[in-house]
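Heads up: the structure comes next, in structure tokens.
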Amino acid sequence: MKKIIAMMLALMMAMTLIACGEKPDDNAKDVLVMGTSADYAPYEFMYPDANGDMVYGGIDISVAQAIADSMGKELEVQNMNFDFLLTNLGTGKCDMVLAAIEVTPERLDAADFSDPYYTDLPKMIVVPAASVDQYKTLNDFGGKLVGAQTATTNVDIVNNDMPGAQLNSQTTVTDMFNMLANGKLDAVVVDGAIAMQYVENNKSLAIAGASDELGEALPYCVAVAKGDPKGLLDGINAAIADMVANKKVEQFIADADKLADVAVEVAGE
């Protein structure tokens with residue numbers, strides 16, 4: 001009888017512990033983790049807030065915040081190198097990726113994508129202003145060292161659309177432009193908004209006329225893990241539909257432009 005009573009007491013204690021463990025925290029709020037590569041102003045960067053603390057800003061950060069707000073979640077930003085984004089998404093390190101990312105057949109093998117939320121200016125080729133007249137067509141880059149960020153569609157442009165160009169891929173955009181400024185690269189291929197921002201801030205750079213041959217830009221989408229195991233796409237697409245209908249992205253662009261003078265592009269952790 002004593003053994004039976006002891007077993008019953010132990011069972012009751014175990015059930016109590018389980019019940020306590022399962023009690024929900026009324027103050028808890030779900031966190032939505034965004035993976036990004038904050039070296040790509042005006043889309044993602046850091047800047048000092050009113051207290052001098054470095055915080056994330058940019059078009060994609062605002063889009064992610066709008067998605068989190070729409071879903072009743074708290075946004076957390078994790079900065080990483082661009083070429084790790086989809087890998088870390090697949091392993092669950094982040095819930096979604098926003099990084100001016102375009103949908104390609106290769107990326108569709110690794111992730112699922114939302115509806116488009118924005119389409120940038122067409123791709124552009126940035127060169128030293130002193131040599132801009134040398135690059136009127138894509139054929140003019142034969143034998144030239146051209147930079148493109150690792151794992152981006154810009155790598156494909158250098159390899160497939162610029163005959164004879166020698167690819168030099170770098171993890172961060174800031175590294176590429178530093179190399180261009182120091183004469184270690186002849187040109188850099190980037191998305192249009194990024195190209196325009198660098199040229200506007202540095203008069204020693206210019207957009208090559210050959211950029212006109214690169215064609216139209218692909219839209220940007222939000223990436224989630226393949227198969228959408230966390231069931232996020234419906235909520236993300238609903239938030240995007242609201243943003244598009246109410247022209248919120250245009251406001252996000254204006255907000256990012258206001259921070260252009262204080263934006264800091266940082267390498268991934």
Side-chain angles (χ1 to χ4, degrees), residues 30-46 56-68 71 73 75-120 123 147-160 167-176 188-194 217-237 239-240 243 249 265-269:
D30 287 341
V31 175
L32 187 64
V33 182
M34 167 196 182
T36 195
S37 181
D39 63 336
Y40 216 58
Y43 290 99
E44 35 267 334
F45 53 84
M46 298 193 78
Y56 290 102
I59 300 167
D60 283 343
I61 305 297
S62 296
V63 170
Q65 186 63 64
I67 291 171
M71 299 174 71
K73 296 177 180 290
L75 181 66
E76 177 185 319
V77 180
Q78 290 191 2
N79 183 36
M80 58 194 76
N81 291 336
F82 187 91
D83 49 334
F84 293 153
L85 285 172
L86 294 187
T87 300
N88 288 333
L89 180 65
T91 59
K93 186 174 182 180
C94 51
D95 300 316
M96 62 180 185
V97 164
L98 288 90
I101 192 165
E102 302 157 325
V103 181
T104 66
E106 294 78 15
R107 289 173 180 166
L108 282 170
D109 289 336
D112 287 345
F113 290 85
S114 72
D115 298 332
Y117 62 87
Y118 182 67
T119 302
D120 193 7
K123 307 280 189 182
Q149 188 178 24
T150 304
T152 66
T153 53
N154 300 325
V155 169
D156 298 330
I157 288 175
V158 179
N159 285 333
N160 302 328
L167 172 67
N168 183 296
S169 61
Q170 294 293 320
T171 301
T172 69
V173 173
T174 48
D175 284 345
M176 287 195 306
V188 166
V189 180
V190 289
D191 292 356
I194 284 73
L218 296 174
Y220 296 146
C221 301
V222 180
V224 299
K226 190 68 178 176
D228 190 22
K230 298 181 181 180
L232 298 174
L233 271 183
D234 286 345
I236 291 172
N237 284 332
I240 289 173
M243 280 183 262
V249 177
E265 296 180 297
V266 294
E269 296 174 356

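As the structure is a prediction and not an experimental result, all values here were calculated from the model.
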> Looking only at atom types and distance, does a side-chain atom of Lys93 sit under 3.5 Å from a main-chain N or O of Leu85, one as donor and one as acceptor?
Replying inline: no
>> Looking at every heavy atom in both Leu89 and Ala111, which two are closest together, and how far apart are they?
In response: CD2-CB, 4.1 Å
> Any donor and acceptor pair, going by atom type alone, linking the side chain of Asp39 with main-chain N or O of Val173 inside 3.5 Å?
Replying inline: yes
> Tell me, do Leu108 and Val103 make a side-chain contact under 4.5 Å, heavy atoms counted?
Replying inline: yes
> Is any side-chain heavy atom of Met71 less than 4.5 Å from a side-chain heavy atom of Asp30?
Replying inline: no
> When Val222 is tested against each of Val97, Leu98, Leu232, Asp60 for side chain to side chain contact (heavy atoms under 4.5 Å, CB included), which residue passes?
Replying inline: Leu98
> At what distance, to the nearest 0.5 angstrom, does CZ of Phe45 lie from CD1 of Ile59?
Replying inline: 8.0 Å
>> Has Asp228 got a side-chain atom pairing as donor or acceptor with Leu233's backbone, closer than 3.5 angstrom?
In response: yes
> Under a 4.5 Å cut-off applied to non-hydrogen side-chain atoms, are Thr104 and Asp156 in contact?
Replying inline: no
>> Rounded at 0.5 Å granularity, tell me how far OG1 in Thr172 sits from CG in Asp83.
In response: 10.5 Å
> Atom OG in Ser114, atom CD1 in Ile67: separation rounded to 0.5 Å?
Replying inline: 6.5 Å
>> Quick one: does any side-chain atom of Asn79 pair with a main-chain N or O of Ala267 as donor and acceptor, under 3.5 Å?
In response: yes
>> How close do Pro116 and Pro219 get, counting heavy atoms only, and between which atoms?
In response: CB-CB, 3.6 Å
> Can you name the side-chain hydrogen bond (donor to acceptor under 3.5 Å, both in side chains) partners of Asp120, sequence neighbours left out?
Replying inline: Tyr43, Tyr220
> Do you know which two heavy atoms are closest between Thr150 and Thr171, and how far apart they sit?
Replying inline: OG1-N, 3.7 Å
> With a 3.5 Å cut-off and no angle check, do the side chains of Glu265 and Thr174 form a donor-acceptor pair?
Replying inline: no
> Would Ile61 and Met34 count as a side chain to side chain contact (heavy atoms under 4.5 Å, CB included) if you check the C-alpha gap in whole Å, the side-chain angles of each, and the deciding distance to 0.1 Å?
Replying inline: CA-CA 9 Å; Ile61 305 297; Met34 167 196 182; 3.6 Å; yes
>> Can you confirm whether Asp234 is buried at CG, in the sense that more than 12 heavy atoms of other residues, nucleotides or ligands lie under 6.0 Å from that atom?
In response: no
> Can you find a pair of side-chain heavy atoms, one from Glu102 and one from Arg107, that are under 4.5 Å apart?
Replying inline: yes
> Do you know which two heavy atoms are closest between Lys123 and Ile157, and how far apart they sit?
Replying inline: CG-CD1, 3.7 Å
> Got Gln149 and Tyr40 here, is their nearest side-chain heavy-atom distance under 4.5 Å?
Replying inline: yes
> Between Ala151 and Phe82, what is the shortest heavy-atom contact and its length?
Replying inline: O-CE2, 3.5 Å
> Atom CG of Leu75 and atom CE of Met96: how far apart are they, to the nearest 0.5 Å?
Replying inline: 5.5 Å
>> Is any side-chain heavy atom of Asn154 closer than 4.5 Å to one of Asp191?
In response: yes
> Does Gly147 offer a backbone N or O that forms a donor-acceptor pair with the side chain of Asn168 under 3.5 Å?
Replying inline: no
> What are the two closest non-hydrogen atoms of Glu44 and Ser37, and how far apart are they?
Replying inline: CG-O, 3.2 Å
